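The figures here come from the full heavy-atom set of this structure, side chains too, leaving out hydrogens, waters and symmetry mates. For the single chain, residues carry numbers from 1 onward in sequence order. From a predicted model like this one, the values you see are computed outputs, not experimental measurements. All ligand and atom numbering here is 1-based and tracks the order in the structure.
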Amino acid sequence: MADLGNPKNTIEILNKYKFVFQKKFGQNFLIDTHVLDKIIHAADITKDDFVLEIGPGIGTLTQYLCEHAREVVAVEIDRMLIPILSETLSGYSNVTVINEDILKIDLNTLVQERNGGRPIKVVANLPYYITTPIIMELFERHIPLINVTVMVQKEVADRMQAVPGTKDYGALSLAVQYYAEPYIAANVPPNCFMPRPNVGSAVIRLTLYQNPRITVKDEALMFRLIRASFNQRRKTLLNGLNNSKELNFTKEEILNAIREEGLSDNVRGETLTLEQFAGLANRLSPNR
Ligand code: SAM
C-alpha cells in the first residue's frame, strides 16, 4: 500500500471512499513523512514493542508503526474509517483495528490479554478535544506503560512540561510530572495536517517512572491540594486552600503545614514543586 504520509496518496484514498471529515472527532490527518519519522524515533519503536495507537484515522501513522513495531493495536471511534483501514493496512499482519471509543475500553485487560501484562508503548496523533482525559485515564488506571508519545496542541505540550513559577505551570504539569518525565520532541505547524488545525501542535514523549518519583501517603489528597491552589491562582496558598470547598482543614492547620514545610506564610501555590505539594499532603493527611 502506498505511503499515506504523501499527501497525494491521502487525497486519493479520501476521494475513493468519499470520506467526510468529522469535526466532533478531532480529525486532522498527518500528511508529512518527516513528522511521522520523528514520532517513531521519539517513541523509540523497535521490533520488541507492542504499541497501542489511539485514533488511527486512515492509517497513516499506523503504517509506520507496523513497519517498526512487533504488534500494533489501533482503536478508532469513527466506523466510517474501518473499511478504509482494512485497505490501507492490508499489507500488514501485525495490526488489529478495534472500532471503539478509547475511553470505553478496559485497557488493563487488553494489555493483559494481548501482551501478557508487560508494559506497552502508546503512540497517537490525539484528537485534541479529549487529550487530557485520555492521558489521565492511561496514568490513573495504572496501565503498564513504557512511554506515551503523542501529538497534542503546542500549548498543552508546554503546560505538561512547565516548571514551577512559569505561566504555563498548573495542575496538568503536576499530574503529568507525577507519573512521567516529559520531553517535547518536535513542534509541528498546521500545514502538516489535512485539514489544517487552527493551532500549532507538538509531539511530546512522556516516559513513565517505573518507580514512583516521590512518595505521598494520600495521593488523592495531594491532587485536591493541587487543584485548590491553582483554582485560585492569584491568591496565596493559604487562602486558596482555606477557601476550597473540596478541603476542610482549619486555617491554622494549613498554616502549620505550610510553615513546617519551610514555606513562607504568603507563598503562592504556583511556585511549589511536586515534592512540596507531596510534603504538604503528608503533613495534612493525619488531620483529615
Ligand atoms: N492517526 C491519524 C493521523 O495521524 O493521521 C488520525 C489522527 S486524528 C488527529 C484523531 C483520530 O482519533 C481520528 O481518526 C478520530 O476519528 C479518532 N478519535 C476521536 N475520538 C476518539 C475516541 N474517543 N476513541 C478513539 N478514536 C477517536
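Of the protein's heavy atoms, Ile102 N, 2.9 Å lies nearest to atom 24 (N) of ligand 1. Looking only at heavy atoms of the protein, atom 16 (O) of ligand 1 is closest to Glu76 OE2, 2.6 Å. Among all protein heavy atoms, the one lying closest to atom 5 (O) of ligand 1 is Leu30 N, 2.9 Å. The closest protein non-hydrogen atom to atom 21 (C) of ligand 1 is Ile77 CG2, 3.5 Å. Among all non-hydrogen protein atoms, the one lying nearest atom 8 (S) of ligand 1 is Gly26 O, 3.5 Å. What sits closest to atom 2 (C) of ligand 1 on the protein, heavy atoms only, is Pro56 O, 3.3 Å. The protein atom (non-hydrogen) at minimum distance from atom 19 (C) of ligand 1 is Phe25 O, 3.1 Å.
Listed by atom number, the atoms of ligand 1 under 4.0 Å from Asn125 heavy atoms are 3 (C), 4 (O), 7 (C), 8 (S), 9 (C), 10 (C). Shown in contact with Asp101 at under 4.0 Å from a heavy atom are these atoms of ligand 1, numbered in order with element: 22 (C), 23 (N), 24 (N). Those atoms of ligand 1 that come under 4.0 Å of a heavy atom in Leu81, given as number and element, are 14 (O). The Leu126 neighbourhood of ligand 1 comprises atoms 9 (C), with distances under 4.0 Å to a heavy atom of that residue. Heavy-atom contacts of Gln27 reach the following atoms of ligand 1: 13 (C), 15 (C), 16 (O) (cutoff under 4.0 Å). Set against the non-hydrogen atoms of Asn28, the atoms of ligand 1 under 4.0 Å away are 7 (C), 8 (S), 9 (C). For ligand 1, the atoms lying closer than 4.0 Å to a non-hydrogen atom of Val75 are 25 (C), 26 (N).
When heavy-atom distances to ligand 1 are checked against a 4.0 Å cut-off, Ile130 comes that close only through its side chain, counted from C-beta outward. Only the backbone of Glu100 comes within 4.0 Å of ligand 1, judged by heavy-atom distances. Contact annotation for Ala124 and ligand 1: no heavy atom of the residue comes within less than 4.0 Å of the ligand. Under 4.0 Å from ligand 1, the heavy atoms of Tyr129 that appear belong solely to its side chain.
Ile134 does not count as a contact of ligand 1, since none of its heavy atoms falls under 4.0 Å from the ligand. Using a non-hydrogen distance threshold of 4.0 Å, Glu53 registers as a contact of ligand 1.
If you run side chain to side chain contact (heavy atoms under 4.5 Å, CB included) between Tyr64 and each of Ile45, Leu36, Leu30, only Leu36 comes through.
Other residues, nucleotides and ligands contribute more than 12 heavy atoms inside 6.0 Å of the CG atom of Asp265. In this structure, Met136 places its CE atom where more than 12 heavy-atom neighbours from other residues, nucleotides or ligands lie under 6.0 Å away.
Here the shortest heavy-atom pairing between Val152 and Leu126 reads CG1-CD1, 4.0 Å.
Contact check for Ser244 versus Asn231: no side-chain heavy atoms found under the 4.5 Å cut-off. Put simply, the side chain of Val148 reaches to within 4.5 Å of the side chain of Leu138, judged on heavy atoms. At least one side-chain heavy atom of Thr236 sits less than 4.5 Å from a side-chain heavy atom of Asn266. Within the 4.5 Å cutoff, the side chain of Arg283 has no heavy atoms near those of the Ile254 side chain.
Below 30°, between 30° and 60°, or above 60°: for Phe230 and Tyr169 the angle between ring planes is above 60°, a perpendicular geometry. Between Tyr178 and Phe223, the ring planes are perpendicular. Angles over 60° get that label, and only those under 30° would be called parallel.
Legend: side-chain hydrogen bond (donor to acceptor under 3.5 Å, both in side chains) pairs involving residues 144-154, not counting sequence neighbours, sorted by first then second residue: Lys154-Asp158. Legend: salt bridge (Lys or Arg N to Asp or Glu O under 4.0 Å) pairs involving residues 52-75, not counting sequence neighbours, sorted by first then second residue: Glu71-Arg114.
By the 3.5 Å distance cut-off applied to N or O atoms, Gly55 is counted among the residues near ligand 1.
Remark: the backbone N or O of Arg268 is not paired with any side-chain donor or acceptor of Lys235 at under 3.5 angstrom.
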